[in-house]
> 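I'd like to ask some things about the structure below.
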Amino acid sequence: MESNIRWGIVGPGKIAREFANDLIQISGCQITAVASRNMDRAKDFAKEYEIEYIFQDYESLFNSDTVDVIYIATPHSFHKDLACSAMKSRKHVLCEKPLGVNTEEVSEMLATAKTEGVFLMEALWSRFNPTIKKVKELSEGGTLGDLRYINADFAFYALDRPMESRLFNLDLAGGSILDIGIYPVFLAYLLLGIPKEIKAISNFNNIGTEIQTSIIFQYEDAQAILSSSLANESRMSAEISGTKGSITLKPRFHETQGYSIKTSEQNKSIELPTIGKGYTYEILEVNSCLRENKLESSLWSHQNSLELISLLDAVRKKSGVRFPFEP
């Protein structure tokens, strides 16, 4: 019988709880440790999920023999340093999206993973969603013909939250682009690849945080119209259209539970419910890669993460978004 893969959680907040709720449903793995700068939060998390080891010091977790792989769920600006520190302690890492704040950070993380010979993957859970995997298969199989158009948006109203929130804090890489804009950009990249030209424009709040961005990706024979916002609600669905038909991902498209398809041969709605919240599938991918001694996923590779962050960098450059800690 295979031994359990031991997971450690860094940053036991809301996303980590959703992640943990899915992980405990999967056989062959368990959460054995949690680390937080807030000891009370770590203790509460450990009690809730019956976790044996609690650390207030991240380095103590990384240097311990209590885990095989670390899940990092802290604000964006901490990802690079924490992931590199964990990998230098010979721990495998699954790091929340975006993997790093910019191309420079992601490049350093990938180089560290290569040097240390450990597994590293960006926790872009949408890539492993059953519906999105199926839609990519249909697209590549020619069901929609030649793709011509993608429209994807992700927005929720957050302007009633305090400006100290991680969503708006510039020192934490706040704003809509990296937090939620990554999902529409990811979908266009997944299905159409790297665009020939990028256009983007943003609105900012009174402390200089980007809160609303509209993007056009121009391809040889296609366009992607993408948007993200913390200033309004949106439908959060996605439309993918080609010369032979179209698919609409049911909202919210980044965690979609199905799709509708319309071609000359079919017009129907398909339900593909996820197991749990949907983090299940990226966890299974990591577990599988570790058991097969792979250092990266073939479904979401290091190169994929590098190309995605380069697109996000380009969007930020076009729309004038820069963080104080960037050169």
> Is there a donor-acceptor pair under 3.5 Å between the side chain of E296 and the backbone N or O of H302?
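Between the backbone of H302 and the side chain of E296 there is a qualifying donor-acceptor contact (under 3.5 Å).
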> Distance-only, no hydrogens or angles: does the D22 side chain make a donor-acceptor pair with backbone N or O of Y279 under 3.5 Å?
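Yes; at least one donor-acceptor contact below 3.5 Å.
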> More than 12 foreign heavy atoms under 6.0 Å from NZ of K43: is that the case here?
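Count not over threshold, so no.
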> Where the side chain of H254 meets the backbone of I180, is there a donor-acceptor pair that is under 3.5 Å apart?
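Judged by distance alone, no pair lies under 3.5 Å.
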> So, R6 side chain and D65 main chain: donor-acceptor pair closer than 3.5 Å or not?
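Checked: pair present.
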> Decide side chain to side chain contact (heavy atoms under 4.5 Å, CB included) for F217 and Y189; before the verdict, give the C-alpha distance in whole Å, the side-chain angles of both, and the deciding distance to 0.1 Å.
CA-CA 9 Å; F217 280 4; Y189 165 69; 5.6 Å; no
> Give a yes or no on this: more than 12 heavy atoms of other residues, nucleotides or ligands lie within 6.0 Å of atom CD of E50.
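At most 12 heavy atoms, drawn from other residues, nucleotides or ligands, come within 6.0 Å of this atom.
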> Evaluate whether atom CD of E265 has more than 12 neighbouring non-hydrogen atoms of other residues, nucleotides or ligands under 6.0 angstrom away.
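Counting other residues, nucleotides and ligands, CD of E265 stays at 12 neighbours or fewer.
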> Mark yes or no for whether Y281, through its side chain, and I275, through its backbone, hold a donor-acceptor pair below 3.5 Å.
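At least one qualifying donor-acceptor pair exists.
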> Mind running side-chain hydrogen bond (donor to acceptor under 3.5 Å, both in side chains) on S301 and N304 for me, showing each step along the way?
CA-CA 5 Å; S301 68; N304 291 145; 3.1 Å; yes
> Might you work through the side chain to side chain contact (heavy atoms under 4.5 Å, CB included) test for L178 and V321, ending with a clear yes or no?
CA-CA 11 Å; L178 294 186; V321 177; over 6 Å; no
> Does the side chain of S126 come within less than 4.5 Å of K97's, by heavy atoms?
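Result no, sub-4.5 Å side-chain heavy-atom pair not found.
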> Are K244 and T143 packed together at the side-chain level, in the sense that at least one heavy-atom pair is separated by less than 4.5 angstrom?
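A side-chain contact under 4.5 Å is absent here.
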> Transitively linked via ILVMFWY side-chain contacts under 4.5 Å: I72 with L306?
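Per the 4.5 Å side-chain linkage, I72 and L306 are co-clustered.
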> Are R17 and E48 within salt-bridge range, i.e. N to O under 4.0 Å?
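Yes, this pair counts.
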> Indicate yes or no: at least one non-hydrogen side-chain atom of L99 is less than 4.5 angstrom from one of L120.
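Sidechains of L120 and L99: in contact.
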> Hey, quick one: are L295 and L290 part of the same hydrophobic cluster, counting side-chain heavy atoms closer than 4.5 Å, chains of contacts allowed?
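Unlinked, L295 and L290 end up in two clusters.
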> Measure across V34 and A42 and return the closest heavy-atom pair with its distance rounded to 0.1 Å.
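Closest heavy-atom pair between V34 and A42: CG1-O, 3.7 Å.
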> Any chain of hydrophobic side-chain contacts (each under 4.5 Å) joining I247 to I225?
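Different clusters.
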> How about N267: does its CG atom have over 12 heavy atoms from other parts shown lying under 6.0 Å from it?
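Counting neighbours around CG of N267, more than 12 heavy atoms of other residues, nucleotides or ligands fall under 6.0 Å, so yes.
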> Are L23 and Y71 close enough, and set up right, to give a side chain to side chain contact (heavy atoms under 4.5 Å, CB included), and what steps lead you there?
CA-CA 11 Å; L23 190 147; Y71 170 62; over 6 Å; no
> Could you label the plane-to-plane angle of the F323 and F325 rings as parallel, tilted or perpendicular, counting under 30° as parallel and over 60° as perpendicular?
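Answer is parallel, since the angle falls under 30°.
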> S139 side chain to L191 main-chain N or O, any donor-acceptor pair under 3.5 Å?
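Such a contact is absent between S139 side chain and L191 backbone.
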> Say whether T66 and E52, considering side chains only, have a donor N or O and an acceptor N or O under 3.5 Å apart.
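Per modelled atom types, T66 and E52 side chains form no pair under 3.5 Å.
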> Donor-acceptor pair, distance only, cut-off 3.5 Å: does the side chain of S319 make one with the backbone of S202?
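Side chain of S319 to backbone of S202, a donor-acceptor pair under 3.5 Å: no, none is there.
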> Checking the side chain of D153 only, and the main-chain atoms of M236 only, is there a donor and an acceptor separated by less than 3.5 Å?
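Looks like yes, one N/O pair under 3.5 Å.
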> Could you measure the distance from the CD1 atom of I240 to the OG1 atom of T248? Nearest 0.5 Å is fine.
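It is 7.5 Å, given to the nearest 0.5 Å.
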> For the pair Q25 (side chain) and N21 (backbone), establish whether a donor and an acceptor sit closer than 3.5 Å, ignoring hydrogens and angles.
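At least one qualifying donor-acceptor pair exists.
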> Is the closest side-chain heavy-atom distance between S246 and K262 below 4.5 Å?
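In contact.
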> Can a salt bridge be assigned to the pair E282 and R127 using a cut-off of 4.0 Å between side-chain N and carboxylate O?
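R127 and E282: not salt-bridged.
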> Looking at E326, I want to see if its CD is surrounded by more than 12 non-hydrogen atoms of other residues, nucleotides or ligands under 6.0 Å.
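Yes, the 6.0 Å shell around CD holds more than 12 heavy atoms from other groups.
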> Output all residues satisfying salt bridge (charged side-chain N to carboxylate O under 4.0 Å, His left out) with K114, sequence neighbours left out; order by chain, then residue number.
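By the salt bridge (charged side-chain N to carboxylate O under 4.0 Å, His left out) rule, K114 matches no residue at all.
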> Heavy atoms only: give me the nearest C29-N4 pair and the separation to one decimal.
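That would be N-OD1, 3.6 Å.
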> Is there a donor-acceptor pair under 3.5 Å between the side chain of H79 and the backbone N or O of T74?
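Yes.
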> Ignoring hydrogens, what is the shortest heavy-atom contact between P184 and F253? Give both atom names and the distance.
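Taking P184 first and F253 second, the nearest heavy atoms are N-CZ, 3.7 Å.
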> Is the NZ atom of K277 crowded by more than 12 outside heavy atoms at less than 6.0 Å?
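Yes - once you tally the heavy atoms of other residues, nucleotides and ligands closer than 6.0 Å, there are more than 12.
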> Is it true that Y149 and V185 fall in one hydrophobic cluster, defined by side-chain heavy atoms closer than 4.5 Å?
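No; V185 is not reachable from Y149 via cluster members.
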> Is it the case that atom CD1 in I24 sees more than 12 heavy atoms from other parts of the structure closer than 6.0 Å?
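Counting neighbours around CD1 of I24, more than 12 heavy atoms of other residues, nucleotides or ligands fall under 6.0 Å, so yes.
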> Of all the heavy-atom pairs spanning L187 and A152, show the shortest one and how long it is.
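Smallest interatomic distance, heavy atoms only, reads CD2-CB, 4.1 Å.
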> Assess whether a salt bridge exists between K14 and E18, defined as any Lys/Arg side-chain N lying under 4.0 Å from an Asp/Glu carboxylate O.
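Result for this pair is yes, salt bridge flagged.
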> Name the residue from E96, E105, E122, E108 that meets the salt bridge (charged side-chain N to carboxylate O under 4.0 Å, His left out) definition with K80.
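The single option meeting the salt bridge (charged side-chain N to carboxylate O under 4.0 Å, His left out) with K80 is E108.
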> Measure across E285 and S298 and return the closest heavy-atom pair with its distance rounded to 0.1 Å.
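That would be OE2-N, 4.2 Å.
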> Are the side chains of E255 and T274 in contact, using a 4.5 Å heavy-atom criterion?
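With C-beta onward as the side chain, the pair stays apart.
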> Aromatic rings F156 and F154: how do their planes relate, parallel, tilted or perpendicular, breaks at 30° and 60°?
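Correct class here is perpendicular.
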> Please report the C-alpha distance between T131 and Q257 in whole Å, then the side-chain angles of each, then the deciding distance to 0.1 Å, and finally whether the side-chain hydrogen bond (donor to acceptor under 3.5 Å, both in side chains) criterion is met.
CA-CA 7 Å; T131 296; Q257 308 284 306; over 6 Å; no
> Please walk me through it: do N63 and S89 pass side-chain hydrogen bond (donor to acceptor under 3.5 Å, both in side chains)?
CA-CA 6 Å; N63 292 325; S89 295; 2.9 Å; yes
> Honestly curious: do Y49 and I70 fall in one hydrophobic cluster under the side-chain, below-4.5 Å linking rule?
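Yes, Y49 and I70 fall within the same hydrophobic cluster.
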> Mind checking whether N205 and M163 have side chains closer than 4.5 Å, heavy atoms only?
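With C-beta onward as the side chain, the pair touches.
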> Measure the shortest side-chain to side-chain distance between L172 and H76 over non-hydrogen atoms and say whether it is less than 4.5 angstrom.
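Side chain of L172 against side chain of H76, heavy atoms only: no contact under 4.5 Å found.
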> Between L94 and W7, is a side chain to side chain contact (heavy atoms under 4.5 Å, CB included) present by the stated rule, with each step listed?
CA-CA 10 Å; L94 174 66; W7 284 80; 3.9 Å; yes
> With side chains defined as the heavy atoms from C-beta onward, is the minimum distance between I283 and F128 less than 4.5 Å?
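A side-chain contact under 4.5 Å is absent here.
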> Are R316 and D313 close enough, and set up right, to give a salt bridge (charged side-chain N to carboxylate O under 4.0 Å, His left out), and what steps lead you there?
CA-CA 5 Å; R316 289 205 293 126; D313 276 358; 3.7 Å; yes
> Testing the basics here: between I31 and A20, what is the closest heavy-atom pair and its distance to 0.1 Å?
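Answer, listing the atom of I31 first, then A20: CD1-CB, 3.6 Å.
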